[in-house]
Amino acid sequence: MSLLPTLIKACYFLAALLFILGLKRMSSPRTARGGIVWAGVGMLLAVLATFFLPDMHNRSLIVAAVLIGVSAAWWTGRRVAMTAMPQMVALYNGMGGGAAAAIGAVELIGYARALGLLHVVPNTSPLQPESWAINGLPPMLSPVELSLGVLGALIGTVSFSGSLVAFAKLQGWMDKRFVFPGQRVVNMLLLAAAVVVGVVLASGHVSGPLIALFFVLALLFGLLMTLPIGGADMPVVISLYNAFTGLAVSFEGFVLGNEAMIIAGMVVGAAGTLLTQLMAKAMNRSIGNVLFGSFGAAGGEAQAIEGAQKPVEASDAAVMMAYAERVVIVPGYGLAVAQAQHKVWEFAQLLIKRGVKVKFAIHPVAGRMPGHMNVLLAEAGVPYDLIADMDEINPEFPATDVALVIGANDVVNPLAKTDPASPIYGMPILDVSAAKHVIVIKRGKGTGFAGIENALFYADNTRMLYGDGQAAAGQLVNELKSLDD
Amino acid sequence: MSLLPTLIKACYFLAALLFILGLKRMSSPRTARGGIVWAGVGMLLAVLATFFLPDMHNRSLIVAAVLIGVSAAWWTGRRVAMTAMPQMVALYNGMGGGAAAAIGAVELIGYARALGLLHVVPNTSPLQPESWAINGLPPMLSPVELSLGVLGALIGTVSFSGSLVAFAKLQGWMDKRFVFPGQRVVNMLLLAAAVVVGVVLASGHVSGPLIALFFVLALLFGLLMTLPIGGADMPVVISLYNAFTGLAVSFEGFVLGNEAMIIAGMVVGAAGTLLTQLMAKAMNRSIGNVLFGSFGAAGGEAQAIEGAQKPVEASDAAVMMAYAERVVIVPGYGLAVAQAQHKVWEFAQLLIKRGVKVKFAIHPVAGRMPGHMNVLLAEAGVPYDLIADMDEINPEFPATDVALVIGANDVVNPLAKTDPASPIYGMPILDVSAAKHVIVIKRGKGTGFAGIENALFYADNTRMLYGDGQAAAGQLVNELKSLDD
Amino acid sequence: MIDGFLALYIFMLAAFCGYEIIARVPVILHTPLMSGSNFIHGIVLVGAMIALGHAQTPFEITIGFVGVLLGAGNAAGGYVVTERMLEMFKSSKPGAGKGDQG
Amino acid sequence: MIDGFLALYIFMLAAFCGYEIIARVPVILHTPLMSGSNFIHGIVLVGAMIALGHAQTPFEITIGFVGVLLGAGNAAGGYVVTERMLEMFKSSKPGAGKGDQG
Ligand SMILES: NC(=O)c1ccc[n+]([C@@H]2O[C@H](COP(=O)([O-])OP(=O)(O)OC[C@H]3O[C@@H](n4cnc5c(N)ncnc54)[C@H](OP(=O)(O)O)[C@@H]3O)[C@@H](O)[C@H]2O)c1
Ligand SMILES: NC(=O)c1ccc[n+]([C@@H]2O[C@H](COP(=O)([O-])OP(=O)(O)OC[C@H]3O[C@@H](n4cnc5c(N)ncnc54)[C@H](OP(=O)(O)O)[C@@H]3O)[C@@H](O)[C@H]2O)c1
């Protein structure tokens, strides 16, 4: 082996090593930050090494595409609000799936051309074993390579169109769930058709129209598969597509003979699959239920709730908390929508200064992505030790004077315990109603993700403070400050 | 690839998979039992497949050697007492190291023969590429293969002779620690010499005398390296040699082109290295300290202990515990020596029947191997929930009426807290002296592993019940039974 | 190019690595981990570069170009987003200064 | 026989697997795990069989024979000892019958 290829291979090896080490570090809060940097160094190494591969054509096009892609993604990634993270991950993931699909497409088209089926006269012979030697596409693929290439293209394409739908939904571009009768049957037929065409391709009958048909079917399947899924189930779906892209990358890496791609892709494939399961479990759902379930769609007759919501003024609420001994703040998705984390933390700090014992209670699925609230509170600077998780805080509510619920709904809904017809029945909740007083900040009578009424809002010890989360928290801050003057 | 080689390769693949899955299951108490069975199935598959490799000679010899080796090991392994487990593991591990070394030796000798340096006329040509095709030894090794082969042989040989010394020491065949001045320098020189000869071999200068010298040096190093290490440090050393053997197997597997060996060996190499670290940490030592330290050898002036040991009769001890509310039993190495676990559990059951709350407290390094006491108590049938670890039980001692220490010494020695000159200073201990009464069962005034006095035995609330652990426990049982009559 | 069995071994071992590394991760790290692993499969960029580097007809070149574009977006976007999230996790640690986050 | 880089990848991945699987194991399982991993490197038996199967001179055959003997001892002994230890662990579980252990 001559020097340059050895060096390039060494770079790929280092990249794979750094990816694994980086992922390892990312999975512990203490070392997470360093982990992404390690992985980043690995990526840089691998990309730089690839530029030096012998026998690469179109180098200027490559540089141009890399520069455009990187700067566009970098710019959007830097600018986007923290609350929009899930859809950005979906977008980037879809891009990865698309790239894997594109690799598969180039391979298949090249193969077809080599077979002479497309009747294109190549300017150079496609059969030049030497020039593809190290990491190029072999002009004639072995049956195993062809099969894995086709499989990777299928998975990558589904991940591509599926992730884009997920992005569009989370971004609010597609509010309605798209459901029609027999949808599941249509989806299954589409998938079956794509698989059949794929098998034909993998058996070596590669032709232009067949390739086109294959990709169209895969695209359609990803689209229709994702359309009926509710926006709030998306994090699980995105995680699944993330694993898909990983697998696709791994398989295409096999075809290209690139071990770094094989390993990185497979590691992500396995990790993503596990993550998806863990996420679904944290939401008290199964993956099948997320993908095919009709969450919140039908449901039985909901329990009727007696009583009325009792509003409260910001000034009264502020006084209640100012003279309380213990206050627990329960943030939910509304906090993220209102970007109220900074104001809420300012308010909490004022309370702490007055000697009130303040804690934040975070439900595992509060918000729209796992760890959503932790990220937001961390952004605002809330120290770790003030944040309690569900198991820790639930026994403390009876000794709590005021529970301040801000933008949370489903995660504090007692119907999850009492109403078997409710879509969230069985989900463990934060037991805020055990506190002496409950104050709920929300804009109006809007429901949460599950779209159901909340008995808590009608409870005797609950008072509603209507308003946008950030505005309401601001009022509380002002009231508290005027108390001190 | 024709069918048979593919099938054989598939068996090897399955074996590697089963090893990893088995190890995974072994590392959780719930699934541990199944894990070894899975790994065993993998081993069976791999061995059976190997019989069917094409171009194997000496098949009857192979069968004979396998049968003898398996039946001898099976027989000893079935018969040996639970307390002798560490030395058996050492023995089997040494055998593995020896086997790896033997593979390396056959490779090197074959290589030398191929070079024509040994001037032996082979009955068939050594250069028959086809016959070694799948998994045989390539007659001419590449430089990388030669280097890894030599490295594997070195590591395997050290593990072989070192493990045998460990076995002999634990078995009591070699009681004294073998120390002479300048020992460390001699060891280092031996290692350096072995490495130099190894480098010469790896550079392709393979000859009979050199091979012999290489193995002699490696054997000697393993021997001298292990001789000065105290018998009770052996578990850590055995774990280290276990990792060594794994590495040796992995490297020899590379030379043979056998992926199952590469993977299984490397997995054990990494796992064993980590286990060694974890074990050393649990003993509050570093690996370097275990290998080169002079634990308990020198040490400063020990604190003088005032007072006298106060003996107690078995009948009095039995009465004290029979009318106690809470009794905590603290087993140590002496329990293992006396094989007293069954009697002690019988005694504990009698107490429980009388309404006494009995718990067993296990120190992480009680006994002579990690989990030693857990294994023994489990053997006797003590249910899991009666067994508490150190962090759990220490706060409970003040509320304990009687702490029954049986054959434990170092793990209950208060000097670990108070005497900075003591070799065990800094090791967390079981806080038995906080109990209202302490009863200690031991044979006499013998010291424990660390060879130091124990202030606990002289404390005001401590009474000594002299005798062999099993005999003393038997007396207690009888006394308790006579109380009921 | 790679012997089928060797590839199988690598697939298997890599899958175990990924699985083992993620098992037992706390819920609060799920999103950054998802985004971090999303970044890691951005290595697809390398494959897309190779594909474009060997594309020959204009059509292949177009697809290859799109592939590189998408792959670069995956890698760069995945990195930025993950880094931003993890940065915040870091600053929330007790002991770390509380004023130094964005 | 195996390309050097591929071997390197396999070494690395296998090492990670071993490391990750053992990390976070309770102390009480250290000895059975040590003995279990001791069993697993008993796969050396396969290598010794291959070496003996290709040994040619009487000297090589002798060494190969000893190798197979030792390897078989490692595999069989490691299995028996580990199985005996783990069997006891199993019977100590609450819920499992308390009378069924040896
Ligand atoms: N964390 C995850 O990984 C994840 C993933 C997918 C789904 N989910 C699901 O999401 C739900 C999370 O529960 P949650 O309690 O956090 O949220 P939620 O049930 O979705 O409720 C959010 C509440 O915030 C209020 N709100 C919206 N915008 C607001 C603003 N600007 N200011 C103040 N209030 C505002 C809304 O009421 P108004 O409209 O009246 O203001 C709504 O009732 C669970 O059902 C969970 O299963 C979670
Ligand atoms: N667990 C591990 O992994 C491991 C590994 C290596 C080293 N170690 C070390 O081993 C020590 C373990 O402490 P330990 O308290 O369990 O044991 P120990 O300190 O070794 O003490 C054992 C005691 O048992 C008594 N004894 C011996 N045979 C007996 C018999 N037949 N009947 C009754 N008593 C008997 C001895 O006194 P008499 O002679 O007077 O009877 C001795 O004092 C620690 O220092 C630890 O660091 C542990």
Side-chain angles (χ1 to χ4, degrees), chain B residues 19 23-24 26-27 32-33 36 40 46 50 56 58 62 65-66 69-70 73-74 77 88-89 92-93 95-96 98-100 102-103 105-106 109 122 135-137 144 239 242 245-246 249 252 254 256-257 261 263-264 266-268 270-271 274 282 364 369-371 374 378-379 381 383-385, chain D residues 1-2 4 7 10-11 14-15 17-19 21-22 25 27-28 30-31 33-38 40-41 43-44 46-57 60 63-83 86 88-90 92 94 98 101:
Chain B
F19 288 159
L23 197 60
K24 233 171 96 67
M26 268 184 253
S27 47
R33 177 76 188 294
I36 182 68
T50 307
M56 292 271 281
N58 312 321
I62 296 180
V66 168
V70 165
W74 198 277
M88 289 320 279
V89 174
Y92 300 138
N93 180 54
M95 293 172 109
I103 298 174
V106 173
I109 297 171
N135 274 300
L137 310 170
V144 179
S239 176
N242 190 31
T245 304
V249 171
E252 298 304 338
F254 174 74
L256 297 175
M261 280 174 74
I263 290 173
M266 192 49 92
V267 165
V268 173
L274 183 58
M369 59 183 187
N374 302 71
E379 187 198 2
Y384 221 70
D385 46 316
Chain D
M1 313 194 75
I2 301 178
I10 291 187
F11 282 145
C17 277
Y19 186 94
I21 289 175
I22 299 306
V25 165
V27 174
I28 64 157
H30 281 177
T31 298
L33 259 185
M34 179 163 88
S35 136
S37 57
N38 174 37
I40 287 175
H41 65 50
I43 186 75
V44 72
V46 165
M49 288 167 71
I50 297 175
L52 177 52
H54 292 90
Q56 293 179 7
T57 64
E60 285 174 37
I63 299 183
F65 187 83
V66 173
V68 175
L69 212 69
L70 292 176
N74 180 357
Y79 184 84
V80 171
V81 165
T82 309
E83 212 268 339
L86 291 180
M88 292 184 330
F89 271 90
K90 181 191 149 222
S92 77
K98 278 169 208 164
Q101 69 281 320

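- Of the listed residues D:V66, D:V44, D:V68, the one with more heavy-atom pairs under 4.5 angstrom with chain B than any other is D:V44.
- B:L23 has its side chain within reach of D:L33: a pair of non-hydrogen atoms, C-beta onward, lies under 4.5 Å apart.
- With a 4.5 Å cut-off on non-hydrogen atoms, B:A105 touches chain D through its side chain but not through its backbone.
- In this structure, D:S37 and B:V268 approach most closely via the heavy-atom pair O-CG2, 3.4 Å.
- Among residues at least two apart or in separate chains, salt bridge (charged side-chain N to carboxylate O under 4.0 Å, His left out) pairs with a member in residues 63-83 of chain D are B:R33-D:E83, B:R78-D:E83.
- When each of D:T31, D:V46, D:N38 is scored by its heavy-atom pairs under 4.5 Å with chain B, the top score falls to D:N38.
- Residue B:S27 comes nearest to D:I21 through the heavy atom pair OG-O, 3.5 Å, listed as atom of the first residue, atom of the second, then distance.
- Across every non-hydrogen atom of B:A65 and D:F65, the tightest pair is CB-CE1, 3.5 Å.
- For D:N74 (side chain) and B:M95 (main-chain N/O), no donor-acceptor pair under 3.5 Å exists by modelled atom type.
- In this structure, the separation between CG on D:L52 and OG1 on B:T50 is 12.0 Å, given to the nearest 0.5 Å.
- Between D:I63 and B:I109 the shortest side-chain heavy-atom distance falls below 4.5 Å.
- In the model, D:H41 has a side-chain atom that pairs as donor or acceptor with a side-chain atom of B:N93 under 3.5 Å.
- We find the CE-CD1 distance between B:M26 and D:I22 to be 8.5 Å, quoted to the nearest 0.5 Å.
- Judged purely by atom type and a 3.5 angstrom limit, B:N242 uses its side chain to pair as donor or acceptor with the backbone of D:M34.
- In terms of heavy-atom proximity, B:Y92 sits nearest to D:V81 at CE1-CG2, 3.4 Å.
- In terms of heavy-atom proximity, B:V106 sits nearest to D:G64 at CG2-N, 4.0 Å.
- B:V70 meets the side-chain contact (heavy atoms from CB on, under 4.5 Å) test with B:V66, D:A72, D:A76; sequence neighbours excluded.
- Taking B:A46, B:S239, B:G40, B:A99 one by one and counting their heavy-atom pairs under 4.5 Å with chain D, the maximum is reached by B:A99.
- Interatomic distance, CD1 of B:I36 versus OG1 of D:T82, reported as 4.5 Å (0.5 Å rounding).
- Of the listed residues (D:G71, D:G47, D:A48, D:S35), the greatest number of heavy-atom pairs within a distance under 4.5 Å of chain B belongs to D:G47.
- The aromatic rings of D:F11 and B:F254 are tilted relative to each other, their planes meeting at an angle between 30° and 60°.
- What you find for B:A73 and D:G77 is that their closest heavy atoms are CB-N, 3.5 Å.
- Residue B:N58 holds its CG atom at 12.0 Å from CE of D:M49, rounded to the nearest 0.5 Å.
- Rounded to the nearest 0.5 Å, atoms CE (B:M266) and CD1 (D:I10) are 10.5 Å apart.
- Using a 4.5 Å heavy-atom threshold, the side chains of B:M88 and D:V80 count as separate.
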